[in-house]
2 protein chains.
Amino acid sequence: MTNDEFTVFLVDDDEGVLKAIGRLLQARGYRIQPFTSPTAFLASHDVSIPGCALLDLSMPDLDGLALQQALSACGSERQVIFLTAKGDIPTSVRAMRAGAIDFLTKPVNDTDLLRAVQEAERKDGEIRSKAASLNSIITKLALLTPREQEVMKHVVAGRLNKQIAGELGTVEKTIKVHRGRVMNKLGVRSVADLVRLAERAGIAGVGS
Amino acid sequence: MTNDEFTVFLVDDDEGVLKAIGRLLQARGYRIQPFTSPTAFLASHDVSIPGCALLDLSMPDLDGLALQQALSACGSERQVIFLTAKGDIPTSVRAMRAGAIDFLTKPVNDTDLLRAVQEAERKDGEIRSKAASLNSIITKLALLTPREQEVMKHVVAGRLNKQIAGELGTVEKTIKVHRGRVMNKLGVRSVADLVRLAERAGIAGVGS
DNA sequence: GGCTCTGTTGGCCCTTGGGCCAACTCGACA
DNA sequence: TGTCGAGTTGGCCCAAGGGCCAACAGAGCC
């Protein structure tokens, strides 16, 4: 599996639609995973696979909007494109507000469908790249011992070693050592870099 | 004019609609500015007034979508709600993708309309508060002399005074003075605070 | 010609940061 | 029981940050 592969999860209870759309997308180099059942899709869903979901709106068991909600409820940021024969405006508005990439009507124009999938691919890539960068930071932060993390928060808050020592009930020298280790382990050479790293990781520092 | 006033800019070529919706919103405490012409609205539009635009989709001269684009094109972040008698799904999707709060169909349900206006009010407040906080930072940054701003960028980038001096063709002592003045003028007491302030202002620091 | 703002520099002195080496305690683990 | 990681502390020394006072140059303004 190469990095630039992108899978479209096709969910539609009409097998004819699955085949037709599947062929179209495969011809353009996309991988396809077809599902006739929304629950089967949800059950086997792997968020780590780059891709998007192309959902029929009206399906047995779970309709498209509910499936979209179920996806985001389980922490997935899977991009969703809707495809429907009998949608209405309020439904399309709800779908778009819930973050759908597009809301297409059957019979669908190939151009529109491909544009939507391309947009989903772009957004998915963006999200994954942000997640990857955040993840590499979190990984490095996990290398710090609890005490080092504590010291780091104070440093990021702009405290002097002496102040940190007072608040943590120890002496300046100890803080210096922890501080040095934090800088080494995180691979930063200035407090400025440390602060930026902490900001990206969403670390608030220590209040007043 | 108190701070908590919120104006709904009503744009519809049907005066009956303007009156009816105007009464409804005024009864809920909203200020109203009605326009029968989209171009008149655009021409007199004041982005500094907290509020949202409630636009008819099909109007002479300029239709709703074009008006929405014209607003964002002229740098306005005015929140837009659409109201239409003859919309379709593709149009609603375009409107929502362009950032509309809602896309309502006539005859409109009072509850839906009020909910959309409330959401617009929330979002407008959020945007204005962010803009205000950014603005106060920009104002403080404008107090710095050009040289001080230059030194600040290097400090934020994590450079040592000695390095900055080398790159700016001066001596360490001079940098110390500028640096001290930067900290004073911006009212921060640590490099960490300075870096956070710069990040919020979108200042990148100085490349390698 | 004075005056102010900006940018510059020097000296002096103290605080803070931080590297290197060494040492100790304590709990976990084999 | 010996070892290891984590946390701690000390001494020594040097580099870097930064406040205070003083001074000077050039541009722009009244």
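Any value given below was found using the heavy atoms of this structure, including those in side chains, with hydrogens, waters and symmetry copies removed. By convention in this document, chain letters (A, B, ...) are assigned in the order of the sequence lines, proteins followed by strands, and residues within each chain are numbered from 1.
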Whole-Å distance between C:dT8 C1' and B:Glu148 CD? 12 Å

So, using side-chain contact (heavy atoms from CB on, under 4.5 Å) as the criterion, who are the partners of A:Asp13 when residues are at least two apart? A:Asp56, A:Met59, A:Pro60

Could you go through residues 139-147 of chain A and list every donor-acceptor pair under 3.5 Å that involves a side-chain atom there, pairing it with any protein atom two or more places apart or in another chain?
from     : atom 1 : to       : atom 2 : distance (Å)
A:Thr139 : OG1    : A:Asn135 : O      : 2.7
A:Lys140 : NZ     : A:Leu186 : O      : 3.3
A:Thr145 : OG1    : A:Glu148 : N      : 3.2
A:Thr145 : OG1    : A:Glu148 : OE1    : 3.4
A:Arg147 : NH1    : A:Glu150 : OE1    : 3.4
A:Arg147 : NH2    : A:Leu168 : O      : 3.3

Any residue meeting salt bridge (charged side-chain N to carboxylate O under 4.0 Å, His left out) with B:Glu119, in chain and number order, not counting sequence neighbours: B:Arg122

Considering only residues two or more places apart or on different chains, which pairs with a residue in residues 169-178 of chain A satisfy salt bridge (Lys or Arg N to Asp or Glu O under 4.0 Å)? none

Round to the nearest Å and state the distance from A:Glu172 atom CD to C:dG19 atom C1'. 14 Å

Output the rounded distance in Å from CG (B:Leu168) to C1' (C:dG7). 12 Å

Are A:Phe35 and A:Leu18 packed together at the side-chain level, in the sense that at least one heavy-atom pair is separated by less than 4.5 angstrom? no

Take the protein atom CG of A:Leu160 and the nucleotide atom P of C:dG18, then report the distance between them rounded to whole Å. 11 Å

Rounding to a whole Å, what distance do you find between A:Arg189:CZ and D:dA16:C1'? 16 Å

How many Å lie between CD on A:Gln163 and P on C:dT15, as a whole number? 15 Å

Which residues within residues 175-185 of chain A lie with some heavy atom under 4.0 Å of an atom in DNA chain C? A:Lys176, A:Arg179

Min side-chain heavy-atom separation A:Ser76-A:His45 under 4.5 Å: yes

Distance in angstrom units between B:Arg147 CZ and D:dA25 P, rounded: 19 Å

So, is A:Lys162 near the phosphate of C:dT16, with a side-chain N or O under 4.0 Å from OP1 or OP2? yes

Pairs meeting criterion side chain to side chain donor-acceptor pair (under 3.5 Å) with involvement of residues 17-30 of chain B, two or more places apart: B:Tyr30-B:Glu121

Is the phosphate of C:dT16, meaning OP1 or OP2, less than 4.0 Å from a side-chain N or O of A:Asn161? no

Side-chain donor/acceptor contact of B:Lys173 with base of D:dG19 under 3.5 Å: yes

Shortest side-chain distance from A:Pro146, nucleotide among C:dT8, D:dG7, D:dT8: D:dG7

